[in-house]
Amino acid sequence: MLYEIWIEPTPSSNSPTLDKAPLSKSLLLVPSAISILLTLLFQHYQKFFAYNLQAIKEDFQIWRLVCGRTICLDLKDTFCSSLLIYNFRIFERRYGSRKFSSFLLGAWMLSALFDLLLVEITQYIFGITINSLPSGFLGPVFALFVPFYCSIPRVQVTQVLGYFSITNKTLVYILGLQLLTSGSYIWILALSGLVSGICYNSSILKVHRILCVPSWVAKIFSWTVEPIFSSAEPTNEFRVGMGATVDIQRQQRMELLDRQIMMSQVAQMRRQRQQQGGMINWNRLFPPLRHRHNANYQDHRPSEQDTPPPTEVSEEQIARLMEMGFSRGDALEALRASNNDLNVATNFLLQH
């Protein structure tokens, strides 16, 4: 299934480029280019890309179904759907092109079925005959709102007038609303896309196993198509993990810098200990605790029964500190003095 987490565009992990997202890049470039050409230069060919339901049902013209549900004939729909695909490209980067393409394929086929079903229901209940629907890759785009809603945490960015919250998801919802209101019958495509996304995302009737891209097809496309649309990963950026918001990614950047500083300090401390050839001066560590312990010892010499047992130290934490270059004795003493707190022990080892 295609859901866990999503992130907003940031320079580090969701850069303005489309590296590691060749399918998203192809969906942005190819249909948009064809849509612009059909609108500006080849208007007489637009009839071949119309989503004509009557021709599909009566004449069984499957090619019209494929063309009509792939290329947008309205530039507004092209622009909005391209922006949404650009925002949703993180799913491909997170889970791979094969899983992302399987989701789009399953959503496309299910939404095509639901399109025909909703048209028949509308005609049966309201007596409205619908012979054509807005064309474009709209069903899978609306289907992507399902993992977007289910898996992306809602984080408030600001408030308007003190009542209306602006979150990290507001812009995407506004784009979806704009796309929803761009045509008279586009609500059918939106509803069918959302239902298909729910079916695929929830693994209803195991559709995610049936409607998927075979591995051999994925390999063929990775050898032929992916080199055309792939782009190099930015080399001037830090490689950080995936986050849910811009703030989390900034925090991950800071943590990465902290780790780099810590490793440099470890290397420096290791060189110093090699030059000194001795252990760390533990009298410099925890001076308040040691002074207080000595004062208490002089004033109230504790009995053996009142003496607390030494703190049990985890061997795993000792091993982690030793991997950073500290000796076992230093690691053991630091963990005991810090009450078995690995972070505090590490900081004291680096600072002394």
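Just so it is clear, the structure is predicted and the values come from calculations on it, not from any experiment. The figures here come from the full heavy-atom set of this structure, side chains too, leaving out hydrogens, waters and symmetry mates.
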What about L84 and I174, same hydrophobic cluster or not, with Ile/Leu/Val/Met/Phe/Trp/Tyr joined at side-chain heavy-atom distances under 4.5 Å? no
Does a donor on one side chain sit under 3.5 Å from an acceptor on the other, for R69 and Y51? yes
Over 12 non-hydrogen atoms of neighbours within 6.0 angstrom of OH in Y45: no
Once ring pair (Phe, Tyr, Trp, His ring centres under 6.0 Å) is applied, do any residues pair with F48, and if so which ones, sequence neighbours excluded? none
Group every Ile, Leu, Val, Met, Phe, Trp and Tyr by side-chain heavy-atom contacts under 4.5 Å, then state whether L113 and L138 land in the same group. no
Counting the benzene-type ring for Trp, do F103 and F91 have ring centres under 6.0 Å apart? no
Start with the C-alpha distance between S135 and F49, add both sets of side-chain angles, then the distance that settles side chain to side chain contact (heavy atoms under 4.5 Å, CB included), and finish with yes or no. CA-CA 7 Å; S135 60; F49 295 91; 5.7 Å; no
Closer than 4.0 angstrom, basic N to acidic O: yes or no for E315 and R328? yes
Are E92 and R98 within salt-bridge range, i.e. N to O under 4.0 Å? no
Would you find a donor on one side and an acceptor on the other, under 3.5 Å apart, between the side chain of Q123 and the backbone of V119? no
When you measure from the side chain of Q61 to the backbone of A55, do you find a donor-acceptor pair of N or O atoms at a distance under 3.5 Å? no
Go through the steps to decide whether F142 and F148 satisfy the test ring pair (Phe, Tyr, Trp, His ring centres under 6.0 Å), and finish with yes or no. CA-CA 10 Å; F142 281 110; F148 174 77; over 10 Å; no
Going by atom types alone, do S35 and S32 pair a side-chain donor with an acceptor below 3.5 Å? no
